[in-house]
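Notes for the one structure printed next.
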There are 2 protein chains.
Amino acid sequence: MEAITIKDIAKLCGVGVSTVSRAINNHPDINEETKAMIMKVIRENNYIPNNSARNLKRTDSDVIAVLIKGITNPFFNGMIKTFEREIKRNKYSFILQTVHDKQNEIEVAIELIKEKKLKGIVFLGGNFSHSNEELSQISVPFVLSTIGTTQKPDKDICSSVSVDDFKESYKMTDYLCKLGHRKIAIITAPMYDESIGKLRLNGYLKALSDNGILPDKNLIRFMKDEIESYSIQNGYAVTKELLKSGEDFTAIFAICDALAIGSCKAIFDFGKSVPWDYSVAGFDGLDIAHYYNPSITTIKQPVEDMAEETIKILFDVILKKASAQHKIFHGKLVAGQSTRPI
Amino acid sequence: MEAITIKDIAKLCGVGVSTVSRAINNHPDINEETKAMIMKVIRENNYIPNNSARNLKRTDSDVIAVLIKGITNPFFNGMIKTFEREIKRNKYSFILQTVHDKQNEIEVAIELIKEKKLKGIVFLGGNFSHSNEELSQISVPFVLSTIGTTQKPDKDICSSVSVDDFKESYKMTDYLCKLGHRKIAIITAPMYDESIGKLRLNGYLKALSDNGILPDKNLIRFMKDEIESYSIQNGYAVTKELLKSGEDFTAIFAICDALAIGSCKAIFDFGKSVPWDYSVAGFDGLDIAHYYNPSITTIKQPVEDMAEETIKILFDVILKKASAQHKIFHGKLVAGQSTRPI
DNA sequence: TTGTAGGCGTTATCAT
DNA sequence: ATGATAACGCCTACAA
């Protein structure tokens with residue numbers, strides 16, 4: 001069962017390798033009949049070209065990679081399909097590359113650029129605290145999509161698409177305040193977090209302050225390190241602890257919908273009701289937030305528009321139509337059944 | 001900004017390329033000092049070897065790929081981490097390759113084997129109706145993990161790990177019958193489906209029959225083609241239609257948890273209650289089934305055990321410790337708050 | 001329109 | 001322990 005190569009096909013067809021290559025790559029200057037014959041032989045022998053060899057030789061490739069950290073995050077679900085569709089619409093091909101938790105996405109990117117001769121990259125997810133120096137090692141245009149971080153890289157190094165986490169978080173907290181809540185707990189990322197966790201926490205603090213509410217340290221709760229972050233389980237555990245502590249509060253703002261769902265369940269298991277005993281709000285606008293019972297009040301990020309814009313910007317930069325761009329989208333506060341005025 | 005190669009590093013270090021290669025690949029016969037020096041130069045120049053060239057030349061690679069169709073399916077969430085952990089524990093490296101809906105996983109597999117010199121493959125998800133002939137083109141050991149199909153391939157061609165979809169579905173339907181339900185609707189895959197949809201439907205029919213219940217055509221509902229299959233949205237749409245039709249029933253068995261959640265929501269929006277007006281059961285045992293309100297009665301698949309066993313079998317075959325194996329796991333019926341006796 | 005030959009960046013083989 | 005050199009499989013001038 002030795003691997004079959006282009007040479008074997010050439011021999012089988014009685015032609016030169018370059019003719020076979022031309023047939024494979026839809027080259028124009030080749031006789032249609034020979035091409036048909038070659039393709040037939042290829043199919044009959046189940047020949048598949050070796051990509052490593054192709055990539056090695058190729059100089060250019062029209063492929064764009066989407067690097068995603070945290071593939072299991074349902075927030076990305078809708079985006080991935082949009083990326084694929086938009087990239088194909090531009091006649092490029094699309095690679096979805098997963099990056100493991102502890103992998104450095106920059107290194108993965110550089111490796112992949114060399115290997116596949118990429119034209120562009122989309123980074124999705126992760127905390128992304130890389131220095132400008134690291135970032136500038138990436139030799140092709142790239143866009144940071146829905147990546148919130150406190151330490152933004154230089155404006156010209158790369159493009160970005162996201163919502164304003166601070167502002168949206170402010171919006172939600174302010175909404176809860178306007179509903180009459182004064183004792184609002186938050187579930188956020190641990191203190192060392194420098195990305196969305198911090199941004200959303202800051203938005204919360206500012207909204208409280210603008211509503212004349214002093215933040216209560218005991219109501220600022222952090223996800224547990226020993227449980228997967230941003231997970232339902234984490235929201236459940238943190239909320240359970242909060243309830244048991246006997247702390248007085250009327251609303252919980254969880255910085256993502258999964259946490260919010262965990263919160264709700266903890267409240268139910270505690271024998272209380274949402275929203276009658278406690279209001280619960282989330283963030284992201286996942287499908288499940290809408291289908292949960294009660295439906296969760298959340299900030300809906302326009303994920304598909306954001307994904308489209310990501311690709312649009314990327315192609316603008318690739319085709320030199322424009323230089324790096326930074327686009328901020330607005331989230332929409334979707335009021336569900338999980339919050340009520342008091 | 002020309003790409004830097006192994007030759008450049010060799011020149012920079014004043015050594016031959018083979019010495020650099022030895023340093024990179026942790027070859028034993030190399031002076032520790034030269035190695036350290038070379039690695040230093042490599043780091044300073046941010047040199048990263050070209051994988052295409054490596055793969056092309058390499059004969060052997062100790063890497064295993066997991067090919068997953070439908071990456072957004074939360075059912076796979078827990079499995080992926082287990083695969084990664086188990087593969088690394090065996091000192092192999094792990095590639096997660098996504099397969100798009102319309103892509104042929106066999107072709108992707110063959111391509112990848114050639115490109116990366118894979119040692120083994122895990123197929124995850126998809127309907128997988130491939131002939132033995134196609135399957136036997138795959139030249140390395142592979143395991144079909146949690147792939148249900150009515151037309152199983154030859155026992156020796158590959159291994160498999162799954163639950164018995166027919167039996168588990170029977171179990172759930174029988175459970176509903178024993179609770180006193182006689183008019184049980186099912187939401188399943190369209191008639192042309194030859195995989196889990198059909199298997200689970202057959203289990204349902206057999207259980208009804210064994211309980212002396214005649215199946216009612218109007219209570220057998222199929223996912224809508226125009227909506228993503230196995231999605232919450234689909235469950236919602238189908239259930240809404242069922243409710244509107246005025247059909248008489250007391251329970252719904254949705255063949256996956258996402259469908260079941262959509263069902264519940266449709267029932268709520270119809271002004272009815274789960275489980276008081278209708279009992280709802282799912283299948284798979286997703287986290288969200290437990291955290292939903294009410295928690296969903298479901299068949300919990302032991303996904304982590306199955307993932308572990310998948311890798312165990314794969315290595316057994318790779319290391320020639322054993323030939324192809326086929327392991328059936330048992331699901332566990334987890335009674336939630338979404339079903340009640342009548 | 002087709003075939004020949006050289007080279008892409010790396011590793012393996014053989015010398016030294 | 002190290003260096004030169006021949007592959008790996010493919011694409012692409014260039015020649016025919």
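A, B, ... follow the sequence lines: proteins, then strands. Residue 1 opens every chain.
When all heavy atoms of A23(B) and I30(B) are compared, the pair lying nearest together is N-CD1, 3.8 Å.
Against DNA chain C, the stretch residues 104-116 of chain A makes no heavy-atom approach under 4.0 Å. For DNA chain C, the neighbouring residues in residues 38-57 of chain A, judged by any heavy atom under 4.0 Å, are L56(A), K57(A). For DNA chain C, the neighbouring residues in residues 11-37 of chain B, judged by any heavy atom under 4.0 Å, are S18(B), S21(B), N25(B).
Atom CG of D101(B) sits in a sparse spot, with 12 or fewer heavy atoms from other residues, nucleotides or ligands closer than 6.0 Å. Residue E33(A) places its CD atom among 12 or fewer non-hydrogen atoms of other residues, nucleotides or ligands, all under 6.0 Å distant. Annotation: K152(B), atom NZ; neighbour count of heavy atoms from other residues, nucleotides and ligands within 6.0 Å is above 12.
Ion pair K312(B)/E308(B) not flagged as a salt bridge, since none of the NZ, NE, NH1 or NH2 atoms sits closer than 4.0 Å to an Asp/Glu carboxylate oxygen. With respect to E84(B) and R89(B), no salt bridge is recorded, no charged nitrogen being found less than 4.0 Å from a carboxylate O. Between E86(B) and K81(B) there is no salt bridge, since none of the side-chain N atoms of the basic residue sits less than 4.0 Å from a carboxylate O of the acidic one.
Under 3.5 Å, the side chains of N25(B) and R54(B) contain a donor-acceptor pair of N or O atoms.
Each end of the helix from dT1(C)-dA16(D) to dT16(C)-dA1(D) gets its own axis, taken as the rotation carrying the C1' atoms of four end pairs onto the next four within a five-pair window, and the two axes meet at 40° to the nearest 10 degrees.
The side chain to side chain donor-acceptor pair (under 3.5 Å) pairs that include a residue from residues 115-125 of chain B are N51(A)-E115(B), E115(A)-K116(B), K116(A)-E115(B), D60(B)-K119(B), D62(B)-K119(B), where partners are two or more places apart or lie in different chains.
You can see that DNA chain C meets the heavy atoms of chain B within a 4.0 Å-exclusive cut from dG9(C) to dA12(C), reading 5' to 3'.
Here the straight-line distance linking atom CD1 of I95(B) with atom CG of L118(B) works out to 6.0 Å at 0.5 Å rounding. A distance of 8.0 Å separates CG of L67(B) from CD of E105(B), quoted to the nearest 0.5 Å.
Proximity of a side-chain donor or acceptor of H130(A) to a complementary backbone N or O of N104(A) within less than 3.5 Å is not detected. In this structure, T310(A) contributes its side chain and M306(A) its backbone to a donor-acceptor pair below 3.5 Å.
Proximity of I6(B) to Y47(B): side-chain heavy atoms (C-beta onward) are separated by under 4.5 Å at one or more points.
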Requested in this report: Kindly determine whether K114(B) and N55(B) satisfy side chain to side chain donor-acceptor pair (under 3.5 Å), including the steps that lead there.
Outcome: CA-CA 9 Å; K114(B) 285 201 180 184; N55(B) 291 328; over 6 Å; no
